2 protein chains.
Amino acid sequence: MAGQVNPDLGKERENASFNTQKLTNFLYGGAEKVRRRRYIESLAFSDPAYSSDEDPTFMSREELYSLGLKRAVTMLQRVKELNIAEEDLGTYRNAALQGFVPGIGLHWVAFTPTIVQQATEEQKKKWLKPAQDVSIVGAYAQTEMGHGTFVRGLETTATYDPSTQEFVINSPTLTSTKWWPGGLGKTANVATVMAQLYTQEKCYGPHNFMVQLRSLEDHQPCPGVTLGDIGPKMEGNGNDNGFARFDHVRIPRENMLMKFARVEPDGTYVQPPSSKLAYSNMVYLRGTFVQGAASTLATAATIAVRYSCVRRQSEMKPGEPEPQILDYQTQQYKLFPQLAAAYAFWFAAQFMTQQHGSITGSMEKGDMSGLAELHALSAGLKSYTTAVMSGGIDVCRMACGGHGYSHASGLPALFGLGASLCTAEGENTVMMLQTARYLVKCFVQSQGGKTLTGTVAYLSAVQPSPVAGNKNMSDLGTLVAAFQHRAARMVRHAAMQMQNEMQKGKARADAWNSCSVLLIKAAEAHVHSFVVRNFAETVQTVEVDESIRAVLMSLCQLYSLHGITEHAGDFLMDGYLTGGDIDAASSHVSAMLARVRPDAVALVDAFDFHDKTLHSVLGRYDGRVYEHLYEWAKKSPLNKSEVHESYYKYLQPFLKSNRAKL
Amino acid sequence: MAGQVNPDLGKERENASFNTQKLTNFLYGGAEKVRRRRYIESLAFSDPAYSSDEDPTFMSREELYSLGLKRAVTMLQRVKELNIAEEDLGTYRNAALQGFVPGIGLHWVAFTPTIVQQATEEQKKKWLKPAQDVSIVGAYAQTEMGHGTFVRGLETTATYDPSTQEFVINSPTLTSTKWWPGGLGKTANVATVMAQLYTQEKCYGPHNFMVQLRSLEDHQPCPGVTLGDIGPKMEGNGNDNGFARFDHVRIPRENMLMKFARVEPDGTYVQPPSSKLAYSNMVYLRGTFVQGAASTLATAATIAVRYSCVRRQSEMKPGEPEPQILDYQTQQYKLFPQLAAAYAFWFAAQFMTQQHGSITGSMEKGDMSGLAELHALSAGLKSYTTAVMSGGIDVCRMACGGHGYSHASGLPALFGLGASLCTAEGENTVMMLQTARYLVKCFVQSQGGKTLTGTVAYLSAVQPSPVAGNKNMSDLGTLVAAFQHRAARMVRHAAMQMQNEMQKGKARADAWNSCSVLLIKAAEAHVHSFVVRNFAETVQTVEVDESIRAVLMSLCQLYSLHGITEHAGDFLMDGYLTGGDIDAASSHVSAMLARVRPDAVALVDAFDFHDKTLHSVLGRYDGRVYEHLYEWAKKSPLNKSEVHESYYKYLQPFLKSNRAKL
C-alpha cells in the first residue's frame with residue numbers, strides 16, 4: 001500500500017488517538033494471526049496469475065463465469081503447489097478469488113461439508129476423497145422453484161425400489177425444479193439432492209442423495225437430467241446458479257446419505273437417533289453470516305469514510321475552502337452508526353464462534369442444554385445483522401453521492417452481494433419468527449415460575465411498572481438496561497396479545513399470524529439488546545490499550561444511543577425513558593459523532609482490508625480517487641473506439657436525413 | 001393482456017370491493033385520458049420494430065448501449081411517421097423505450113429545454129430547430145468529477161476574449177472534467193456546458209454555453225475536446241454517461257445562452273433582470289421526480305403484490321394447503337405501506353403539478369408570493385418521496401424472497417433506476433436542508449408575530465404544552481393534527497437548539513452544522529405531514545364512487561397510522577400521544593392490513609401498468625410466473641451450449657489430472 005497518499009487522508013491518519021495496528025491485532029485475535037493473514041493474502045495478491053486479469057466490472061455475464069472458473073482452478077492448483085495449510089485455506093481462497101463467487105465455490109462451501117456431516121464412513125470412502133481432491137465438482141441442490149426456506153415443502157421425490165435396490169429421483173412438477181443452487185447449471189458434475197424420501201408407500205420427509213449430473217468424461221448431462229443456468233442476478237454473476245430436473249433418474253441405494261436415517265435393502269426406513277448435530281451446524285453457519293454481515297458493512301464503511309475525507313464540497317462558511325464532507329454532521333450521522341454497527345457485529349460474531357465452540361464441547365459430553373437458546377439467538381442474529389448491513393451499505397453508497405452509483409465505487413456490487421445474505425440460508429423474516437417462537441416459549445415458562453438463564457435471563461427480571469427518573473444516558477449500564485427493558489416489554493406485549501386473541505377464540509395459528517408483526521419487532525428488540533450488551537461487555541472487559549478502549553467505548557455509546565433515538569417510541573411507550581432522556585440521548589449522539597470524527601479513518605483502517613479486497617476507486621488506501629476514477633473510466637469497453645460502431649449503424653443514417661450545419 | 005390467468009390471481013380480481021377501471025380513470029384524470037394513453041402505448045407495444053429485440057437483461061454493456069440507440073432512433077422516426085401529438089410524446093416515448101434510458105434521452109429531457117428556457121429569440125433560430133428535429137444530438141454538461149449539487153463550485157471556465165469576440169472553454173484541473181452527463185461520452189455532438197464566466201478579469205459565476213463536441217460529418221471529437229464514457233453504473237447502462245475535457249476550446253460570443261445575463265462584444269457583463277423563472281422550472285422538475293417516485297414505487301408494489309398471491313409457501317395450519325404468502329401479516333406489513341405510499345405520492349405529485357400551474361399563472365401577473373413556499377416544499381418532497389421509494393423497492397424485492405434477487409423479477413433493475421433519483425437533480429440531504437432553511441425562517445417570522453399561510457400555516461398554530469387525552473386514532477383529522485403537531489414541535493426544537501448554540505457563542509454556520517441532523521428530521525416531519533394532509537384531503541373531497549373512496553380511505557389511514565407507529569417516539573416525546581394511543585394506532589394498522597388484503601391486487605391493477613412496462617416475470621398480469629421463469633432462464637446466454645466453452649478451457653484440464661471414477 002505504498003505510494004503517495006492524498007494529503008487529507010494522510011493527515012487523518014497522523015491525528016488518530018490510538019495505534020491502528022494494535023486495534024487490528026485485537027480484531028483478528030493477536031499480532032501473530034494478523035501477520036499470518038497478511039502473509040497468506042500476499043501470496044495471492046502478488047501472484048500474476050490473478051492480477052493480470054481484466055477488470056471484472058467491465059465484463060459480460062459469460063466472461064464473468066469464465067473468469068470465475070479460471071481463478072478457482074488456478075487457486076486450487078496453487079493451494080496444492082504452495083501447500084496451504086487447512087487453517088489458512090479460507091484466507092487464501094478469499095484473497096485469490098477477490099470477492100468472486102465462482103460456480104465451483106459451493107463445492108467447498110456446501111457440497112463437501114455435507115458429505116463430511118451426513119455420509120457414513122463407508123460412503124466417505126467413496127465420495128470424500130474425490131470431493132477433497134476436486135476430481136469431482138459438486139453442487140448442493142436443495143432449493144426449488146416453488147420452495148426455499150420451507151424445506152418440508154420440497155417436491156422432488158426419491159422413491160425406493162427394493163426390486164433393484166435403487167432410488168428413483170424425480171421432478172414431478174414444474175415448481176419442483178431445483179432452482180438457485182450455485183454451480184448447478186454448468187459447473188457441477190455431481191450434486192447432493194434434497195428429496196422427499198418415499199419407501200414402502202410412505203413419505204419420510206426430505207433427505208439427501210448423491211446424484212451424478214454430468215458425465216465425468218465429456219461433461220454432458222446424464223440421461224434423464226436436464227440442467228441449465230437460471231439467468232442473471234443482482235450480483236454474483238460469476239456463479240452459475242442453476243436449475244435441474246430429474247426424469248426418473250435411478251441411483252443405487254447406497255447414494256442416500258445415511259449417517260443418520262437409513263433405508264434397508266428391503267425398504268425399511270430406520271429412524272435417525274435424535275440428532276441435534278444439525279442444529280449445531282446451523283448455529284455455526286449462521287455465525288459465519290454474522291461475521292459476513294460485519295465485514296461487509298465494515299467494507300462499505302471503509303470506502304465511504306475514506307472517500308468522505310478526500311471529497312471536498314460546498315461551503316460551510318463564506319469565503320473558506322470547501323470542507324471535507326466528513327465534517328458535515330449529516331454525513332457523520334449517516335456513516336458513523338454503520339461503522340459502530342460493523343464493530344458491534346464483529347464482536348457478536350466472535351461471541352457466536354466462542355459459544356459454538358463451547359457448546360460443541362458440552363454436546364460431546366451429552367449436555368444439550370444451551371443449544372436451543374443459541375440456536376434461537378443465531379437465527380435472529382443472522383436476520384438482524386444482515387438486514388442492518390444491507391440497509392447500511394445503501395446508506396454508505398448514497399453518502400458517496402453520484403460517484404457511489406458508479407461501479408467504480410464498488411458499492412453497488414457490495415450491496416448486491418450483501419443483499420443475498422438476507423435471503424440465503426433462511427429468509428430473514430422466517431428466521432426472526434423462529435427467534436420469536438423461542439422467546440414466547442421462554443416468557444410463558446418464566447410466567448410459570450421458571451428462572452431463565454443466559455441471553456434470555458433478563459426476560460424474567462422485567463419490571464412491569466418502571467419508575468421513570470433522570471437517567472445517566474452516557475452510562476453503558478443504563479443503556480444496556482434500557483435495551484433489555486424494551487425487549488422484555490415487547491416480548492411480553494406480543495405474547496399477551498397472542499394469549500388475548502386465543503382467549504377470544506382464535507386458533508393458535510391465526511393468533512400467531514395476527515400478532516406476527518409484534519412478534520418480529522419483539523424478537524428484533526431482543527437481538528438488538530444482545531448486540532448492545534455484548535458490545536458493552538467486550539469493551540469493558542478486554543485487555544487493550546486505554547486509548548483503544550476509549551475509542552471503542554465511544555463507538556459502543558454511539559451504537560447504543562443511536563439505537564435508542566432511532567427507536568425512541570419503544571423506550572417511551574411505558575415511560576421507562578422520558579422525553580428528556582431521549583433529548584439527552586440525542587445530544588450524546590451528537591457528542592459521539594464529534595468524538596469519533598478524528599478517529600474515523602483509523603477505525604476503518606483497523607479492519608485491514610487490502611485494496612484488492614475493497615474493489616473500490618473511492619475507498620483506495622492512498623485516497624488518490626480522482627486520478628484513478630479517470631484511469632478506470634478510460635478502460636470502459638465503450639471507450640475502445642473513438643466513435644462507437646452503433647453510431648454508424650443507427651445514429652449516422654438518422655442524422656444524415658436532415659443534416660444540420662452549425 | 002389476454003390469455004389464461006393464474007386462478008389465484010383471477011380470484012383476487014373477482015373479489016375486489018370496487019371497480020378497478022374507475023380507479024384507474026381517477027388516477028389518470030378521466031376515462032378519456034386513460035383511453036388515449038392506452039391507445040398511444042399500444043402503438044408502441046404492438047410495433048415489431050421494438051418487440052423483436054432480444055431481452056436486455058441478458059445483454060452486455062455495449063449491446064445495451066446499441067439497443068438504446070436503436071430504439072431511440074426508431075422512436076424518433078415513428079414519432080414523425082405517426083405524427084404523434086406534443087401532449088402524447090411522453091407516453092409514446094416511454095412505451096417505445098420500455099424503461100430504457102438511451103444515450104440520446106437527455107437530448108429531449110435536458111438539452112432542448114435548456115435552449116427553450118435560456119436562449120434568446122435570435123439564438124433559438126440557430127439552435128432550436130435542429131434540436132427539435134434531432135439533426136443535432138445534445139447533452140447537458142453541468143456536473144463535474146469534483147462537483148455535483150454544489151453548482152457554484154464548478155471549475156470549468158469560460159473566459160471572454162474581446163479581441164476575437166470568443167469565449168475560451170477550459171478544464172483547468174482533473175476534477176473540472178465534466179463527469180456523468182447522459183449521452184456526453186459517445187452520443188452527443190453538441191452540449192450546453194455550464195462554466196464559470198470570466199470577463200474583464202472578473203468571475204461572474206456559472207453560465208451556460210453551447211459547445212460543439214463532435215464533427216457533424218464523421219462524429220470525431222472536435223479539436224481540444226476529449227470525450228469518453230465514465231464506465232458502468234448500478235443501472236441505466238444503456239446510457240453513455242460521459243466525461244468531457246476542454247483544452248482552451250474557442251466558441252463565438254453568441255454561444256453563451258443570453259436570455260438572462262449577457263456579455264457585450266466589449267466584454268461588459270450585463271446582469272440578468274431578477275428572474276425567479278429558474279425557481280419555477282426547478283419546482284416543475286422536482287414535481288416530475290415526485291411523480292417518478294410514485295410510479296416507480298407503484299411498479300414495485302404491483303410486482304410484489306401479484307407475486308405474493310401466486311406464491312404459496314409454508315404451513316399456517318397443520319394439514320392445510322400452503323397459503324398465498326400475501327396472507328401472512330408480516331408480508332402485508334411489508335407491502336401494503338409501500339402501496340399506500342405510492343398512492344400518497346401520486347396525489348402529492350398531482351398537488352405539485354396543479355400548484356405549479358397556478359403559480360406560473362400568478363407569476364405571469366407579477367405575483368411571486370407563493371414561489372418560495374412551493375420551492376421549499378418541492379425540494380423536501382423530492383428528497384422524501386425518492387428516499388421512501390428507494391427503500392420501499394428494496395422491501396418489495398426482499399418480500400419476493402430468492403426470486404426477487406433474480407433479474408427475472410425486474411426488481412434489482414427497478415431499484416437501480418429508483419436509486420438514481422435520490423442523487424440526481426440535487427442530492428437528497430442537500431435538498432432536505434433547503435426545506436429546513438425555509439422552515440426555520442418561517443418559524444422565526446412566526447415568533448416575530450407573522451401569520452404563516454399555505455403548507456406552513458400550521459407552524460404558527462403549534463401548542464407548546466399539549467394536553468394528552470384519549471384520541472380517536474382512526475379519525476383522519478386526528479391523524480393529520482398529530483402529524484402537524486409533530487412537525488411543528490420538531491421545527492421549533494431544531495430552531496431553538498440552533499439559537500441556543502449561537503447564544504453560547506457558536507458562529508451561525510457552526511450552529512447550523514451541529515443542528516443539521518435535527519433540522520433534517522424536522523424537515524422530513526414537515527414533508528411527511530404535508531403528504532398525509534394532502535392524501536386525507538384528496539380522499540375526502542374527490543368525486544368518486546363510495547366503494548373507491550372507502551378503499552382509498554383505508555389506504556390513507558394505513559399510510560398515516562403506519563407513519564405514526566414507525567415514528568412513535570416523535571409523537572410520544574412531549575406527551576402529545578400516549579402509549580395507549582400508539583397501541584391503538586398499532587391495532588388499527590393490523591385492521592387496515594386485513595381491510596386492504598382483499599383489494600390489494602385491484603389496487604395495484606389500477607395503476608394500469610402494462611407487462612411491457614413492468615419487465616417482470618414475477619409481476620405478470622396473468623400471474624403465470626413459474627412457466628415464464630423457466631422460459632426466461634432458458635434464454636440465458638450461458639444456456640446457448642450444453643457444455644460451456646470455459647469447461648474445455650479451465651475445468652477439463654484440471655479434472656483430468658486426477659480423474660475419478662464413480
Side-chain angles (χ1 to χ4, degrees), chain A residues 60 62 66 69-70 73 130 133 135-136 145 148 150 174-175 180 186 212 219 228-234 313-314 316-317 329-330 333 398 401-402 405-407 412 422-423 427 429 509 513 516-517 568-569 572-574 579 626 633 636-639 643-644 646-647 650-651 654 658 660 662, chain B residues 57 60 62 66 69-70 73 130 133 135-136 145 148 150 174-175 180 186 219 228-234 313-314 316-317 329-330 333 398 401-402 405-407 412 422-423 427 429 509 513-514 516-517 568-569 572-574 579 626 633 636-639 643-644 646-647 650 654 658 660 662:
Chain A
S60 73
E62 285 195 83
S66 289
L69 264 196
K70 178 180 171 229
V73 162
D133 291 348
S135 60
I136 55 173
M145 199 188 250
F150 183 60
L174 175 62
T175 48
W180 278 108
K186 313 304 287 186
Q212 187 173 345
H219 213 57
D229 171 67
I230 64 161
K233 301 134 292 183
M234 198 161 165
Q313 192 81 176
S314 200
M316 210 180 288
K317 295 180 184 178
Q329 192 193 46
T330 49
Y333 193 75
M398 284 196 281
Y405 193 74
S406 165
H407 275 297
C422 297
T423 25
E427 192 274 330
T429 302
N513 189 31
S516 53
V517 169
L572 291 163
M573 276 292 285
D574 61 349
Y626 297 115
S636 169
L638 276 180
N639 292 331
V643 176
H644 193 255
S646 55
Y647 165 77
Y650 303 118
L651 203 54
F654 176 77
N658 47 355
L662 290 180
Chain B
T57 39
S60 73
E62 284 194 83
S66 288
L69 263 196
K70 178 182 171 225
V73 162
D133 292 347
S135 61
I136 55 173
M145 199 188 250
F150 183 59
L174 176 62
T175 48
W180 279 107
K186 312 305 286 184
H219 213 56
D229 171 66
I230 64 160
K233 301 134 292 183
M234 198 161 165
Q313 191 81 175
S314 202
M316 209 179 288
K317 296 179 185 180
Q329 192 193 46
T330 49
Y333 193 75
M398 284 196 281
Y405 193 74
S406 165
H407 275 297
C422 297
T423 25
E427 191 275 331
T429 303
N513 189 32
S514 68
S516 52
V517 169
L572 290 164
M573 276 293 284
D574 63 348
Y626 297 114
S636 168
L638 277 180
N639 292 331
V643 177
H644 194 256
S646 55
Y647 165 77
Y650 303 117
F654 176 77
N658 47 355
L662 290 180

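Bear in mind the structure is a predicted one, so any value in this text is a computation, not a measurement. Side chains included, hydrogens not; waters and symmetry mates left out as well; all remaining heavy atoms used.
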Using a cut-off of under 4.5 Å for heavy-atom pairs, which of [options] has the most such pairs with chain B?
| options | value |
| --- | --- |
| A/Leu174, A/Leu572, A/Val517 | A/Val517 |
| A/Asn513, A/Val643, A/Val73 | A/Asn513 |
| A/Gly231, A/Ser314, A/Gly402, A/Ser66 | A/Ser314 |
| A/Pro232, A/Gly148, A/Gly569, A/Pro637 | A/Pro232 |
| A/Lys233, A/Lys317, A/Met145 | A/Met145 |
| A/Thr175, A/Thr423, A/Asp229 | A/Asp229 |

Smallest separation among heavy atoms of B/Gln329 and A/Ser516, with atom names: OE1-N, 3.1 Å
Shortest non-hydrogen contact between B/Tyr647 and A/Leu69, atoms and distance: N-CD1, 4.4 Å
Residues forming a ring pair (Phe, Tyr, Trp, His ring centres under 6.0 Å) with A/His407, sequence neighbours excluded: none
Given that the side chain runs from C-beta out, which part of [X] has a heavy atom under 4.5 Å from chain B: side chain, backbone, both or neither?
| X | answer |
| --- | --- |
| A/Leu638 | both |
| A/Lys186 | side chain |
| A/Ser406 | both |

Which of B/Ser60, B/Cys422, B/Ser514 touches chain A most, by non-hydrogen pairs under 4.5 Å: B/Ser514
Gap between atom [atom2] of [Y] and atom [atom1] of [X] - 0.5 Å precision:
| X | Y | atom1 | atom2 | answer |
| --- | --- | --- | --- | --- |
| B/Asn639 | A/Ile230 | CG | CD1 | 10.5 Å |
| A/Phe654 | B/Ser135 | CZ | OG | 8.5 Å |
| A/Leu651 | B/His219 | CG | NE2 | 6.0 Å |

Expected output: side-chain A/Glu427 to main-chain B/Gly401 donor-acceptor under 3.5 Å: no
Backbone N/O of A/His644 and side chain of B/Glu62: donor-acceptor pair under 3.5 Å: no
